[in-house]
Amino acid sequence: MTEGGIYRIYNDRTIEIIAGVKNQESPGVDIVISSKNGDICITAEKNGKVRIKGKNIMIDADEDVDIKAGRNINLLSGSGRVLLKGNKIDKSALTGNFIDNPFGKRVFDGSFVGANLIKNAFVGGVSQITGFSGF
């Protein structure tokens with residue numbers, strides 16, 4: 001405990017927190033992490049991942065849920081479905097099979113290039129048009 005009121009736990013290796021072995025409630029709450037007036041930050045530095053695993057995972061926010069990725073966001077549903085439900089759902093992209101008016105279609109709109117070639121180039125890739133799959 002510092003003079004400023006910061007409580008720190010430092011360890012050179014692993015820290016485990018395990019609870020609930022004798023908890024008779026099912027399902028019960030075994031570990032609670034709470035912040036009264038500020039944020040909760042979980043950071044895995046360098047090459048680490050932040051992993052959350054459970055039978056079911058629920059994210060509940062009074063206002064917004066923001067997901068930001070430097071590269072990809074993957075939503076995979078093994079044997080179920082992906083449901084998007086809201087008062088308003090917007091989509092914006094240059095290419096892909098989810099958009100109605102992709103970038104390639106807009107570029108070649110009104111030209112003599114066939115619609116099937118445009119679709120294959122921007123959704124299926126160049127190999128769909130030429131049959132060339134690389135070296």
### Task
Could you identify which residues cluster with Leu84, counting Ile, Leu, Val, Met, Phe, Trp and Tyr as linked when any side-chain heavy atoms lie under 4.5 Å apart, either directly or through a chain of such contacts?
Ile89

Under 3.5 Å, which donor-acceptor pairs do the side chains of residues 41-67 form with other protein atoms, sequence neighbours left out?
none

### Query
If you take all heavy atoms of Ile40 and Ser35, which pair is closest and at what distance?
CG1-CB, 3.7 Å

### Message
Taking atom CG as the centre, does Asp39 end up with more than 12 heavy-atom neighbours from other residues, nucleotides or ligands that are less than 6.0 angstrom away?
### Response
no

## Note on the structure
Residues joined to Val29 in its hydrophobic cluster, side chain to side chain under 4.5 Å directly or through other members, sorted by chain and number, are Val32

Which atom pairs, one a donor and one an acceptor, fall under 3.5 Å between side chains of residues 9-24 and the rest of the protein, sequence neighbours left out?
from	atom 1	to	atom 2	distance (Å)
Tyr10	OH	Arg8	NE	3.4
Asn11	ND2	Thr14	O	2.8
Asn23	OD1	Glu25	N	3.0
Asn23	ND2	Asp30	OD1	2.5
Gln24	NE2	Lys22	O	3.3

Compile the donor-acceptor pairs under 3.5 Å between side chains in residues 73-80 and protein atoms, sequence neighbours left out, one pair per line.
from	atom 1	to	atom 2	distance (Å)
Ser77	OG	Gly80	N	3.4
Ser77	OG	Arg81	N	3.1
Ser77	OG	Arg81	O	3.4

